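Notes follow once the structure below has been shown.
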Amino acid sequence: MRYKIYLQIKYKIDDKKIDTSKEGTYEVTYSAKDSSGNKIIAKRKIEVIKKIGSEQQSNEKVVYLTFDDGPSENTKKIMDILAKYNAKATFFVTGRNQKYNYLIKDAYNAGHTIGLHTYSHDYQTVYSSVEAYFDDLNKVGQMVKNEIGFVPHYIRFPGGSSNTISRKYCQGIMSTLTKEVIEKGYQYYDWNGDSTDASGNHVAVDKLIRNGTLCHDNNVMILCHDTQAKDTTVQALPAIIEHYRNLGYTFKGIDDTTYTPHQGVNN
């Protein structure tokens, strides 16, 4: 004859030492005891990470001009235009044109925000695996640290979080990366306004102005690029700034409170 024995198990979690309002590493104690008196205790470290950014737009009318792929020979021209209008912007930089890296520090000292884009900007390299992505991110982070003394926690994925080219190299990688970058203390930024200068080189100025002024949200994050071939982006920039200034917008660089436009992940 077989007998079934049912044990009652009681669990207890001691998380009194965790302060969710303060960053840091905390220890949680888990204990379990069954009805026969068997007891086990386990400890686990929990890390509280500061939340960066906001999922909701603020009521303030703000434009966040963002420039990917620099620095380049056009960075200084962009900065001069921004200075003329007392406007701040964000530069998501790469490691592809390092003879202009001194401009990263110049931009930071001028009050602009520096973000991380990619070291190689080679999709096959970046998106071949999760490990490869973070290897690339760490490289560009250390490069920027050499210029401004710290690693920024603002990032933009090559192609944006909604890119589909990553499927060619690693199925589902964006679904993983969009979660893991935040767990590692970063925040990623897509855009809700687009100059469409990524559509080609030397895109017509009037097209860039037209497309760059289409968004009417309170918080407008405009995608632009900073490479040698984006000379017309430089030419279009004053008109884009003046358009939004006339509508009552101010121009800021990304900070920890900035609205974070996240597009739908397609891989």
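The structure displayed is predicted, hence computed values, not measured ones.
Of the possible polar contacts, one joining the Asn192 side chain to the Asn219 backbone as a donor-acceptor pair under 3.5 Å is found. Side-chain N or O atoms of Asp135 include none that pairs as donor or acceptor with a backbone N or O of Glu131 at under 3.5 Å. Asp255 places a side-chain N or O within 3.5 Å of a backbone atom of Thr258 that can act as its donor or acceptor partner. Using modelled atom types, one side-chain atom of Gln263 and one backbone atom of Trp191 make a donor-acceptor pair closer than 3.5 Å. Side-chain atoms of Ser195 do not come within 3.5 Å of backbone N or O of Leu208 as any donor-acceptor pair. Judged by distance alone, with hydrogens and angles left aside, the side-chain atoms of Lys61 form a donor-acceptor pair with the main-chain N or O of Leu247 at under 3.5 Å. For the pair Thr66 (side chain) and Ile222 (backbone), a donor-acceptor distance under 3.5 Å is present. Under a 3.5 Å cut-off, the side chain of Lys230 and the backbone N or O of Asp197 do form a donor-acceptor pair. With hydrogens and angles disregarded, no donor-acceptor distance shorter than 3.5 Å links the side chain of His117 to the backbone of Asp69. Using a distance-only test at 3.5 Å, with no hydrogens or angles considered, a donor-acceptor pair links the side chain of Asn267 to the main chain of Cys170.
Separating the OH atom in Tyr188 from the NZ atom in Lys179 is a distance of 8.5 Å, to the nearest 0.5 Å. Atom CG of Asp217 sits about 7.0 Å away from atom OH of Tyr249, to the nearest 0.5 Å. Atom OH in Tyr64 sits 11.0 Å away from atom OH in Tyr259 (nearest 0.5 Å). A distance of 6.5 Å separates OH of Tyr85 from CZ of Arg245, quoted to the nearest 0.5 Å. For the atom pair CD1 (Ile254) and CD1 (Ile52), the distance works out to 11.0 Å, reported to the nearest 0.5 Å. Atom-to-atom distance recorded for Arg156:CZ and Phe92:CZ is 4.5 Å, nearest 0.5 angstrom.
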Decide side-chain contact (heavy atoms from CB on, under 4.5 Å) for Val144 and Val151; before the verdict, give the C-alpha distance in whole Å, the side-chain angles of both, and the deciding distance to 0.1 Å. CA-CA 6 Å; Val144 171; Val151 178; over 6 Å; no
Residues Leu177, Phe134; criterion side-chain contact (heavy atoms from CB on, under 4.5 Å); working and verdict: CA-CA 9 Å; Leu177 290 178; Phe134 281 109; 3.8 Å; yes
The test is side-chain contact (heavy atoms from CB on, under 4.5 Å); show your working for Ile241 and Ile81 and say whether it passes. CA-CA 9 Å; Ile241 293 175; Ile81 293 170; 4.1 Å; yes
side-chain contact (heavy atoms from CB on, under 4.5 Å) assessment of Glu147 paired with Ile114: CA-CA 11 Å; Glu147 299 298 328; Ile114 305 300; over 6 Å; no
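Closest of all the heavy-atom pairs between Asn163 and Pro158 is ND2-O, 3.6 Å. Listed here is the closest heavy atom pair of Thr260 and Gly53: CG2-CA, 3.7 Å. In terms of heavy-atom proximity, Met143 sits nearest to Ile104 at CE-CD1, 3.9 Å. Closest of all the heavy-atom pairs between Gly212 and Ile240 is O-CG2, 4.1 Å. The heavy-atom pair separating Gly115 from Pro152 by the smallest distance is CA-CB, 4.4 Å. Across every non-hydrogen atom of Asp190 and Met221, the tightest pair is O-SD, 3.5 Å.
Residue-environment remark: CD (Gln124) stays at or below the threshold of 12 foreign heavy atoms within 6.0 Å. Within 6.0 Å of CG in Asn246 there are more than 12 heavy atoms belonging to other residues, nucleotides or ligands. Few gaps surround CD on Gln98; more than 12 heavy atoms of other groups in view lie less than 6.0 Å from it.
With sequence neighbours left out, Lys88 forms a salt bridge (charged side-chain N to carboxylate O under 4.0 Å, His left out) with no residue at all. Checked against side-chain hydrogen bond (donor to acceptor under 3.5 Å, both in side chains), Tyr154 has the following partners two or more places apart in sequence or in another chain: Asp256.
Side-chain heavy atoms closer than 4.5 Å link hydrophobic residues (I, L, V, M, F, W, Y) into clusters, and following such links, even through other members, never connects Leu223 to Val265. When hydrophobic clusters are built by joining Ile, Leu, Val, Met, Phe, Trp and Tyr residues whose side-chain heavy atoms come closer than 4.5 Å, directly or via intermediates, Ile148 is grouped together with Ile155. No path of Ile, Leu, Val, Met, Phe, Trp and Tyr side chains, each step under 4.5 Å between heavy atoms, connects Leu65 with Val62, placing them in separate hydrophobic clusters. Under the 4.5 Å side-chain heavy-atom criterion for grouping Ile, Leu, Val, Met, Phe, Trp and Tyr, Val234 is connected to Val63 within one hydrophobic cluster.
Using a 4.5 Å heavy-atom threshold, the side chains of Val126 and Ser120 count as touching. Side-chain contact between Pro238 and Lys84 is absent, with no heavy atoms from C-beta onward closer than 4.5 Å. Between Leu137 and Tyr186, the closest side-chain pair of non-hydrogen atoms falls below 4.5 Å. Side chains of Thr94 and Val140 form no contact here, defined as non-hydrogen atoms less than 4.5 Å apart. Using a 4.5 Å heavy-atom cutoff, the side chains of Pro71 and Asn101 are in contact. No side-chain heavy atom of Lys207 sits under 4.5 Å from any side-chain heavy atom of Thr232. By the 4.5 Å heavy-atom criterion applied to side chains, Phe67 and Met79 are not counted as neighbours.
At a cut-off of 3.5 Å, with distance as the only test, no side-chain donor of Asp194 or Thr196 sits close to an acceptor on the other residue. Looking at His262 and Gln187, their side chains do bring a donor and an acceptor atom within 3.5 Å of each other. At a cut-off of 3.5 Å, with distance as the only test, no side-chain donor of Thr164 or Asn266 sits close to an acceptor on the other residue. Of the N and O atoms on the side chains of Thr118 and Asp136, at least one donor lies less than 3.5 Å from an acceptor on the other residue.
Classification of the Tyr100-Tyr102 ring pair by plane angle, with boundaries at 30° and 60°, yields tilted. Ring planes of Tyr244 and Phe251: perpendicular class, angle over 60° (limits at 30 and 60°).
Under the side chain to side chain donor-acceptor pair (under 3.5 Å) rule, Thr75 has a single partner from Asn97, Asp80, Asp226, which is Asp226.
Taking the six-membered ring where the residue is Trp, the centroids of Tyr108 and Phe150 are separated by under 6.0 Å. Taking the six-membered ring where the residue is Trp, the centroids of His121 and Tyr123 are separated by under 6.0 Å.
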